[in-house]
*Asks:* 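Supplied in structure tokens, the structure appears directly below.
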Amino acid sequence: MNPAVHLDGITKRFPGVVANDDVDLEIERGSVHALLGENGAGKTTLMNVLYGLYRPTEGTVVVDGEPRSFASPRDAIDAGIGMIHQHFMLVDPMTVWENVVLGNEPRTWGGLRVDEATAREAVVELSERYGFDVDPDARIADVSVGVQQRVEILKALYRGADVLIMDEPTAVLTPQEVEELYDVFEELTDQGKTIIFISHKLGEALSAADEITVLRDGVKVGTVASADVTREELAEMMVGREVLMEPATTPREPGERVLEVTDLHVEDDRGVEAVSGISFELREGEVLGIAGVDGNGQSQLAEAITGMREPASGSVDYFGEPMAGVSRREHIDRGMAFVPEDRHERGLVMSYDLVQNGILGSQHDPPFASGGRIDWNASTEHAESVIEAYDVRPPNPDADAEDFSGGNQQKFIVGREFERDPDLVVAAHPTRGVDIGSTEFLHDRLLELRAEGKAVLLVSSKLDEVQGLSDRLAVIHEGEFSGVVDPATVTEEEIGLLMAGETLDDETVSGAAIHDAVDDGLDGSGADGADGTGDPDDAGGSDRETATDEEVGA
Amino acid sequence: MRNPLADVPVPLLDDLIDDEYVRSLVVGVVGTLGLLGLFGLLFPGSVAGDLAGIVFSTSTAASTARLAAPIVLAGLGGIFAEKSGVINIGLEGLLIISAFASVYVASVVGIGNAVLGIPAIWIGFMAGIAASTLLAGVFGVVCIEFKADQIIAGLAVWLIALGLAPFMSTVFFGGVNTPNLGANVGWRYSAVMVVVATVASWWALNRTAFGKHLEASGENPKALDTVGVSVSRVRYAGVLLSGVLSGVGGSALALSIGQFVGSGETMVQGKGFIAIVAYLFGNYNPLGTLGAGVLFAGLDAIQIRLQQLGYAVPDTLVQTIPYVVVIVVLALVGRTRLPAAAGDHYETEE
């Protein structure tokens, strides 16, 4: 039997860059294949070639034994290839079924009318066949990210896709949703579909894929069966050197209290309460991790602490001083660094070069400002030092921020903020979109800051990151801490449950709340705990069901 | 605050209109007219009686239809363009150019003559549509192909038409105003065209595949592109339709009088801009646009009649009635939401 897809000697050159260099890839029908590599390794480019978005400079695409030349995605779709992009291609105000059939609407009345009944029926049928639980009439804007992803898969299936390409499919999902996605993979491959997914996460490639192909700098390093390879070996294939998998945290005696947050309530832009009564404190030389599904109030919490957003009530004390009404500039001047969640909106001015971006927030201060004028020489030197220290590529301080890849933009922002010599670092998703080599470096830097006695508030949706780096780990759900746990002893599954808003038995969290200024639900006995955060579903054992229905909603 | 008009119970409407905003617009307009009629009947001698007399007279209906045609039709055109992601603020220019072209061609053919059995005045009508579509096409190429700023290109369309039409009139007829053709298109035609275009637009937007593509093109063009539908083609279609519909409106406006008036702001007098307000007001729903357009045109017609009635109120104050009502209604019905990608250029990858 022919392989489902065979990429034969694919080379793709862009002006000045070779994105893929003579890549061979064979993918068995009915298998799950992971395409693993760091940012900029050429994974997405390769898949865009397969999907007809790019034409290969050299090489051929063979689908089901037949050489093909795709001029556009339409041709690829006709050949049975579907792609689910990292950023979903869905029209928010339209319904699920409208999105699924978009561009291929069944028509009646001589084409003058979309045949709604047929379209809905087809969507319902597909949805049931693969065990997706999707309401065809829901609006995309109203459903969770996990459901949106299933709508994307339905879109591809509706177009007759036999091969599904998924770009970083787990980036936006909770651990439970990821499990569900793996189940979906199984269901799809059982019915003869082939899945290729792009990832830079080792764990996910190992647990979901049958075979893994590693790309580095546009070149294929090798294809291995996931059963025959270890994490360490894979990491070495990706990075080209040995990687220290676990960041080495050494226990440390926390020092003076840096931050004290008391019963903080914060509203989001729409005036809806996003943070509902959070209290905690943070000391010198301590990392407090905040885990949670995006959109559960962590952005608003970080913004309230850093002075970007006025809290509705409650207080934030910084070195014992209340920060209410203190300007954003004053926050920076007093040594608060902030790595914002949205690097385009808040982290960088996209049309500025890195020299200008590098002094954002310090533009009033020496050595960058002297007598109302900006010292561009000092600024350039600063940008260059950040670029060098944080391995920003290409190392060109005069290039505009928008010309850098997401991972490199992120490295630059983190570098700028970490080099401010702060007392408190509030870092929201500091390694989002950053490859493992650089992630390792950023983690090391963060631990160095901790060793220097800085306080760090680390918001992240990557569990291994918050777990590996934090001294304490708080899990946020719908604006409240559903638990504060000891990252050394808690399991991923337990964190997943907390992320879905459930509570844990008392024993699981023992040894956790070191300073235990936490929300109620946890300090009583096990039974009280369950009542405290009052989830009506948590009596039953069906954790996963509840998890998906509950989560996200962002 | 929740808008009170959205809660008025009218069972039939709920099946027809799922948009709360448009629903309240319809309830508001119909309700106001109903109340006015009721008071007029009850107190024939009062101001309400006078008003009802004006509102429900045939001549008011006629001038409302005449004034509403360009507003509603250009407004419908604007919906197609903006839904696709191209904000067309050049509607005013499209109305001007079609108003002139229709009269010019009709006079060249000569009233009383016919081409292929079609009377001159209707040949003129079609020429007006063609002229407007052509200009919209140029606007489309500039915005979609060459990625010009849509607002600036739209202003250019207006300014070009505003200069070109009176200039051509001077060249061909020796004055900015053309002589009267001595024939016209009756107001009932305008009314029928408005209604037919509204219903057809509603269908096209809400029931056809093209309508879905338009919406996707304006909300998330990439989603449309990745399923293999050309975003530029959908946007060209939207812009050209705005040309066709504005052309009908401009031709109907000029030919209902039989003359093109090119002095000052020309006979279009800002109706293209009011059309933009009308479709925003109607929240991109053709029925709402019709309601808003008829409301403006009706108030304008009433306002003209009121001036003739000789109340001891300054005319300038009476002239502001339509605008005051607009503000009040706007405050009552709330806000509209622009398509997410309106105004943005779209580039396919590679």
Side-chain angles (χ1 to χ4, degrees), chain A residues 12 14 19 44-45 48-49 51-57 70-78 82-85 87-95 97-116 119 139-141 148 151-152 155-156 158-159 161 165 167, chain B residues 1-2 18-22 79 82-85 196 199-235 237 283-285 334-342 344-350:
Chain A
K12 176 66 192 173
F14 293 107
T44 304
T45 307
N48 282 343
V49 168
Y51 190 56
L53 276 168
Y54 294 155
R55 311 192 82 168
T57 318
F70 299 144
S72 75
R74 179 120 252 182
D75 296 344
I77 293 167
D78 290 344
M83 182 151 178
I84 289 112
H85 297 264
H87 303 288
F88 299 148
M89 304 289 174
L90 298 172
V91 185
D92 280 355
M94 304 216 303
T95 64
W97 74 260
E98 284 174 327
N99 268 284
V100 171
V101 302
L102 183 69
N104 288 64
E105 297 86 354
R107 304 178 193 197
T108 52
W109 296 14
L112 282 179
R113 187 190 168 126
V114 175
D115 189 346
E116 243 177 78
R139 279 183 200 282
I140 293 300
Q148 291 183 5
V151 175
E152 281 282 14
K155 250 170 92 174
Y158 177 78
R159 285 165 176 74
I165 308 168
D167 193 354
Chain B
M1 186 194 80
R2 189 176 158 81
D18 54 359
D19 187 330
E20 182 180 290
Y21 177 95
V22 175
I79 295 178
E82 193 154 326
K83 274 254 173 187
S84 81
V196 169
V199 173
S201 299
W202 184 88
W203 185 269
L205 289 168
N206 291 289
R207 288 287 176 269
T208 65
F210 173 64
K212 310 279 181 210
H213 297 176
L214 267 183
E215 183 171 4
S217 163
E219 292 288 348
N220 186 353
K222 206 151 190 187
L224 193 62
D225 195 21
T226 48
V227 297
V229 179
S230 160
V231 174
S232 343
R233 269 166 71 174
V234 171
R235 290 191 168 181
N283 203 13
Y284 303 96
N285 183 324
R335 62 183 192 90
T336 53
R337 191 188 77 87
L338 250 63
D344 294 344
H345 298 301
Y346 181 71
E347 217 164 341
T348 44
E349 292 190 30
E350 184 145 322

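Within every chain, numbering begins at 1; the chains are lettered A, B, ... in the order of the sequence lines, protein sequences first and strands thereafter. Just so it is clear, the values below take in all heavy atoms, side chains as well, and ignore hydrogens, waters and symmetry mates.
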*Asks:* Looking at B/K212 and A/E98, is any side-chain nitrogen of the basic one under 4.0 Å from a carboxylate oxygen of the acidic one?
*Replies:*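 The answer is yes: the pair qualifies as a salt bridge.
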*Asks:* With side-chain hydrogen bond (donor to acceptor under 3.5 Å, both in side chains) as the criterion, how do B/R235 and B/S217 come out once you've worked through the C-alpha distance, each side chain's angles and the decisive distance to 0.1 Å?
*Replies:* CA-CA 7 Å; B/R235 290 191 168 181; B/S217 163; 3.3 Å; yes
*Asks:* Is A/R107 close to chain B through its backbone or its side chain, or both, or neither, when contacts mean heavy atoms under 4.5 Å?
*Replies:* side chain
*Asks:* For B/S232, enumerate each residue passing the side chain to side chain contact (heavy atoms under 4.5 Å, CB included) test, keeping only those at least two apart in sequence or located in another chain.
*Replies:* B/I144, B/S230, B/Y236
*Asks:* Under a 4.5 Å heavy-atom cutoff, which of A/P93, A/S72, A/G82 has the most pairs with chain B?
*Replies:*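 Heavy-atom pairs under 4.5 Å are most numerous for A/P93.
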*Asks:* What part of A/F88 gets within 4.5 angstrom of chain B, counting heavy atoms only: side chain, backbone, both, or neither?
*Replies:* backbone
*Asks:* For A/P56, give me all partners under side chain to side chain contact (heavy atoms under 4.5 Å, CB included), at least two apart in sequence or on another chain.
*Replies:* A/I10, A/V49
*Asks:* Under a 4.5 Å cutoff for heavy-atom pairs, which residue among B/A223, B/A216, B/G218 has the most contacts with chain A?
*Replies:* B/A223
*Asks:* So, B/H213 versus A/E105: side-chain donor-acceptor pair below 3.5 Å or not?
*Replies:* yes
*Asks:* Taking A/D115, A/N99, A/I77, A/L112 one by one, which has the highest count of heavy-atom pairs under 4.5 Å against chain B?
*Replies:*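 Winner by heavy-atom pair count: A/L112.
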